[in-house]
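This report refers to the structure that appears directly beneath it.
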Amino acid sequence: LIKTFVMDLIRFYCKPISKPSVELSGSEAHHLSAVRRLTVGDKVELFDGAGTVATATIATSTNKRVSLRVDEIKTLPKPPQEQIVIAVSIAKGDRFDWMIEKCTELGVGRISPVIFERTVKQPRNPHITSRWNNLAIAAAKQSGRVFLPRIDNPMTLADAIKILRKDFPQGKFLLGSPSAEAPSLTSQPLTCNGVIIFIGPEGGLTEQEQTFLHNNGVQPVRLADTILRIETAAVASASILVALSMIQYPHAH
């Protein structure tokens with residue numbers, strides 16, 4: 001697991017990061033000055049969500065704008081769990097928000113919200129993906145994560161398969177299944193070409209969806225001996241796959 005650049009410094013999201021100086025505005029500036037009450041001369045850590053981290057010193061500060069002198073920059077390589085994709089049915093209420101936060105903390109590389117035929121709630125907010133990205137930024141700041149997950153716009157199952165097959169042509173495609181006959185997810189060897197796991201809605205998949213996934217080479221795997229809610233299945237899948245990546249690629253963490 002990649003550590004933060006300097007563990008005792010408060011972290012802020014900043015993009016892009018470059019010498020000699022950068023500027024924070026909006027919510028990040030407010031968080032620094034009004035919430036954390038940092039002042040001129042204090043040191044912080046910056047990250048851009050794409051592998052660059054830096055230590056910086058506050059030069060000037062207001063509630064709306066903060067300028068910082070960049071002291072040191074480091075670019076880190078992507079860890080193996082960046083190849084883990086959770087393609088998951090949208091859940092009701094704040095349950096999906098919770099899932100976004102936990103998958104970000106675990107280090108999942110991509111979250112693809114999928115609209116299945118029995119998906120209960122479809123987001124009506126045109127800015128929902130931006131909101132999810134803000135949740136991921138907050139979770140990354142808290143957890144010390146360097147890379148932000150990619151969060152797709154909500155899409156149909158057919159579009160998800162098409163897009164993810166294009167992006168991961170050699171990837172391993174899996175489906176979380178409650179079937180006792182399905183092999184355990186823990187038995188699946190990982191691949192550096194990507195592991196994509198689909199999590200269906202709590203109403204289950206239709207026969208047409210099951211046939212569609214089967215015809216597209218998506219293999220059912222068992223997550224637990226019980227039936228899991230959407231967000232539980234997603235976080236369980238992420239936890240198992242991240243743990244397997246740490247076992248299979250110990251020197252990359």
Side-chain angles (χ1 to χ4, degrees), residues 1-86 94 96-111 113 125-153 238 242 245-246 251-253:
L1 192 64
I2 289 181
K3 308 293 185 184
T4 50
F5 197 31
V6 179
M7 292 296 291
D8 58 347
L9 295 182
I10 300 172
R11 310 182 77 218
F12 296 92
Y13 176 67
C14 178
K15 188 174 183 178
I17 299 173
S18 61
K19 285 189 173 183
S21 63
V22 295
E23 193 172 83
L24 298 181
S25 59
S27 60
E28 290 298 287
H30 176 79
H31 185 211
L32 183 150
S33 60
V35 179
R36 301 311 299 250
R37 299 188 180 280
L38 299 179
T39 60
V40 172
D42 287 338
K43 288 186 176 293
V44 301
E45 179 184 296
L46 305 175
F47 77 109
D48 68 353
T52 299
V53 290
T55 54
T57 304
I58 300 171
T60 64
S61 177
T62 69
N63 284 350
K64 295 184 178 180
R65 200 168 299 277
V66 178
S67 62
L68 305 103
R69 182 184 73 250
V70 176
D71 301 320
E72 186 178 358
I73 296 179
K74 187 174 183 180
T75 301
L76 301 173
K78 283 190 174 184
Q81 60 263 39
E82 285 291 321
Q83 291 295 99
I84 297 171
V85 180
I86 306 295
D94 59 2
F96 204 77
D97 294 351
W98 180 85
M99 187 221 65
I100 294 282
E101 293 171 352
K102 300 311 163 189
C103 285
T104 300
E105 290 174 24
L106 286 164
V108 166
R110 184 167 175 175
I111 301 168
N125 181 355
H127 306 294
I128 190 64
T129 306
S130 176
R131 181 174 176 278
W132 288 334
N133 276 306
N134 287 335
L135 290 171
I137 289 171
K141 288 168 65 176
Q142 180 275 327
S143 64
R145 180 169 177 176
V146 174
F147 290 87
L148 286 172
R150 171 175 171 177
I151 303 178
D152 294 317
N153 291 321
V242 168
S245 77
M246 295 180 73
H251 300 299
H253 293 272

Evaluation steps, side-chain contact (heavy atoms from CB on, under 4.5 Å), between L106 and Q81: CA-CA 9 Å; L106 286 164; Q81 60 263 39; over 6 Å; no
Would you check, one step at a time, whether the test side-chain contact (heavy atoms from CB on, under 4.5 Å) holds for Q142 with E101? CA-CA 10 Å; Q142 180 275 327; E101 293 171 352; over 6 Å; no
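Contact between I73 and A54 at its shortest, heavy atoms only, is CG1-CB, 4.0 Å. In plain terms, the two heavy atoms of L38 and S61 that are nearest each other are O-OG, 4.3 Å. What you find for C103 and R145 is that their closest heavy atoms are O-NH1, 3.8 Å. Across G51 and V146, no two heavy atoms sit closer than the pair CA-CG1, 3.5 Å. Considering all non-hydrogen atoms of both residues, P113 and F96 come closest at CB-CZ, 3.9 Å. The minimum heavy-atom distance between N133 and P149, with the atom names listed, is OD1-O, 4.4 Å.
Between the OG1 atom of T75 and the CG atom of D48 there is a distance of 7.5 Å, given to the nearest 0.5 Å. Separation of atoms CG (L148) and NZ (K15) is listed at 8.0 Å; rounding is to 0.5 Å. Atoms CG and OG1, on L32 and T62 in that order, are 10.0 Å from each other to the nearest 0.5 Å. In this structure, the separation between CZ on F12 and CG on L68 is 8.5 Å, given to the nearest 0.5 Å. Annotation: the span from I100 atom CD1 to I151 atom CD1 amounts to 4.0 Å, rounded to 0.5 Å. Considering CH2 of W132 and CG of N125, their distance stands at 9.0 Å, rounded to 0.5 Å.
Residues T55 and K43 are not in side-chain contact: their nearest non-hydrogen atoms beyond the backbone lie 4.5 Å or more apart. In this structure, T39 and I58 have side chains that are not in contact, with every pair of non-hydrogen atoms separated by 4.5 Å or more.
Ion pairing between E28 and R36 fails under the 4.0 Å rule for side-chain N and carboxylate O.
Remark: side-chain polar atoms of R11 are not paired, donor with acceptor, to backbone N or O of F47 under 3.5 angstrom. With K74 contributing its side chain and T52 its backbone, the two residues share no donor-acceptor pair below 3.5 Å. Judged purely by atom type and a 3.5 angstrom limit, S67 uses its side chain to pair as donor or acceptor with the backbone of T60. No donor-acceptor distance shorter than 3.5 angstrom exists from the side chain of T57 to the backbone of R69, with no hydrogens or angles considered.
Side-chain contact check for T129 and N153: at least one donor-acceptor pair (N or O, by modelled atom type) lies under 3.5 Å.
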